[in-house]
Amino acid sequence: MPKLTKTSVEDAAATSKEFLLWDTDLKGFGLRVKPSGVKTYLIQYRDAQGRSKRLTIGQHGPLTCDEARKAAKTLLAKVTLRSDPAAQRKADREEPTVEEFCGAYLLAVESGALQTRRGKSKASITLAVDRGRIRNHILPILGKKLVRDLTRSDVLALLSGVTMGKTAKSLPSEKLRGRVEVQGGKGTAKKAVQLLGAILAYAADTGVIAQNPVRGVKLPKDNRRVVDDPEGMLRALGKALALAEANDENATAVMMIRLAALTGMRSGEVVQLKLGELDFQRNAIRLAVSKTGKSVRPLNSCARELLIRDWRNSRGDRVTGFMFPAERGDGHYGGLPGAVVRIKAAPYLDQATRDALAGFSMHIARHLFASIANLVGVGEITLAALLGHSKGSVTSGYVSHIDQHLLAQANKAASSVASLLNRGAAAGRSQGAQVSEPFGLAYDDQIDAGNVIELPQIVENW
């Protein structure tokens, strides 16, 4: 058979049996012709152990004869240099993609084999957020790439893509007629890249890659959501919540927002709050799950009064265990995000109030509590305990009981927040709206931490 050319390849007619044609100029370069008529270029060589191997280059048609010859020369040159192209291809196929390795990372975290820098397992809430970031941002951009092949450019592509909103989308949620809005932006992009960095650090530790390409990538500066006028926003919030009540807004959502503002609890902690986590006898909220794992917070007098006064509005359910149960089904209430949007931009609010609440969110409610606590003199370490920050040396001191000083400081901060909310509510009342009475005990240094309102029988029975 002469040298393989375009003409000789196309003239090779299929027979009832597969056969091979070998090129006379390039030893080891050949063409396989199947009975179906499919023609495939290949090379045949012996590896370092003398074993004969064949490696497919590609199919004739998509690949020309000249292109196949060039590829064959490259591959056969590697054989001369003691490389094994077939073994390398097999190894490449066994290399994990980003999607596959993300699955392995999540399994390692879930099993407890991979822990945080503090030597703890990730909280279930944090793990759920990680799954969302992987599914919604990392995989759409990098999922099919081999982990081994990731470069700094790929990391920058992820950062840029998420920032520009390439992964933003609207998806149906598990709830009936519910939707999940996946958004981009600098903050989301930064978190996605940081998570990718943790995943690839695990890849480096397990020998999948030699270096983590995320290391050294410059991330956007923290665009911390700072409220210039926390008192003004709280007054506006108090007014908006009071008017929301008067205009038949969902009472559970109103109560949840107030609770977040009075305690600094995270949105997820409020949403998933269980009846059994409320320890009224010891003035404590004992969260079984939080971003930092189990967490004990002081139940300040204002939050305590709110929970007791408005508990019927929340429909706290002994069967599901949730303080704020779903309107249908066995889960927790899921309408809070939509309620926040409605309440802060309601058409019955004056423009000044809407402007003051433009940047409000459940996370900002936590910032507001922290800002007011700081203004009334609550120290940094005490505030960390009130907010449930991951400072083990602080939080662990209150695991079995709530220190009287800590509770007094919580009362001090919450009372100031309640006062601002009540002033806003009074402004709504002045407009003729039928809103609920003010709540929250005025803080007094002489008030004993245990001197709070009596518990109704129903709460004692929780």
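Quantities reported herein were computed from a predicted structural model and do not represent experimental measurements.
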Roughly how far, to the nearest 0.5 Å, is the [atom2] atom of [Y] from the [atom1] atom of [X]?
| X | Y | atom1 | atom2 | result |
| --- | --- | --- | --- | --- |
| I343 | N247 | CD1 | CG | 10.5 Å |
| R366 | S267 | CZ | OG | 11.0 Å |
| L368 | L262 | CG | CG | 11.0 Å |
| L386 | I381 | CG | CD1 | 12.0 Å |
| L421 | R235 | CG | CZ | 11.0 Å |
| R215 | L200 | CZ | CG | 11.0 Å |

Heavy-atom closest contact ([X] atom, [Y] atom, distance):
| X | Y | value |
| --- | --- | --- |
| N212 | A201 | ND2-N, 3.4 Å |
| T167 | H137 | OG1-ND1, 2.6 Å |
| Y333 | V271 | O-CG1, 3.7 Å |
| A339 | E249 | CB-OE2, 4.1 Å |
| N411 | S301 | OD1-N, 2.7 Å |
| L299 | A284 | CB-N, 3.6 Å |

CA sep, side-chain torsions, deciding dist, call: T97, K144, side chain to side chain contact (heavy atoms under 4.5 Å, CB included): CA-CA 6 Å; T97 62; K144 301 304 179 185; 5.8 Å; no
So do [Y] and [X] actually touch side chain to side chain, heavy atoms under 4.5 Å?
| X | Y | value |
| --- | --- | --- |
| M233 | K344 | no |
| M265 | L273 | yes |
| L307 | F280 | yes |
| L278 | I285 | yes |
| F369 | T263 | no |
| K412 | Q409 | yes |
| I257 | L336 | yes |
| E95 | V147 | no |

[X] side chain to [Y] main-chain N or O, any donor-acceptor pair under 3.5 Å?
| X | Y | answer |
| --- | --- | --- |
| N374 | S371 | no |
| K169 | N136 | yes |
| R354 | A346 | yes |
| R342 | A244 | no |

side-chain hydrogen bond (donor to acceptor under 3.5 Å, both in side chains) partner of N283, chosen from Q404, R297, R304: R304
T353 and L243: CA distance, side-chain angles, deciding distance, side chain to side chain contact (heavy atoms under 4.5 Å, CB included) verdict: CA-CA 11 Å; T353 302; L243 290 172; over 6 Å; no
Full working for side chain to side chain contact (heavy atoms under 4.5 Å, CB included) between V155 and V193: CA-CA 7 Å; V155 177; V193 172; 3.9 Å; yes
Evaluation steps, side chain to side chain contact (heavy atoms under 4.5 Å, CB included), between F101 and I209: CA-CA 11 Å; F101 195 79; I209 56 175; over 6 Å; no
Evaluation steps, salt bridge (charged side-chain N to carboxylate O under 4.0 Å, His left out), between R423 and E231: CA-CA 10 Å; R423 286 185 216 171; E231 297 102 322; over 6 Å; no
Aromatic ring pairing F322/H332, orientation class (parallel under 30°, perpendicular over 60°, tilted between):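 Aromatic pair F322/H332 classed perpendicular.
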Whether over 12 other heavy atoms sit under 6.0 Å from Q351 CD: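 More than 12 within 6.0 Å, yes.
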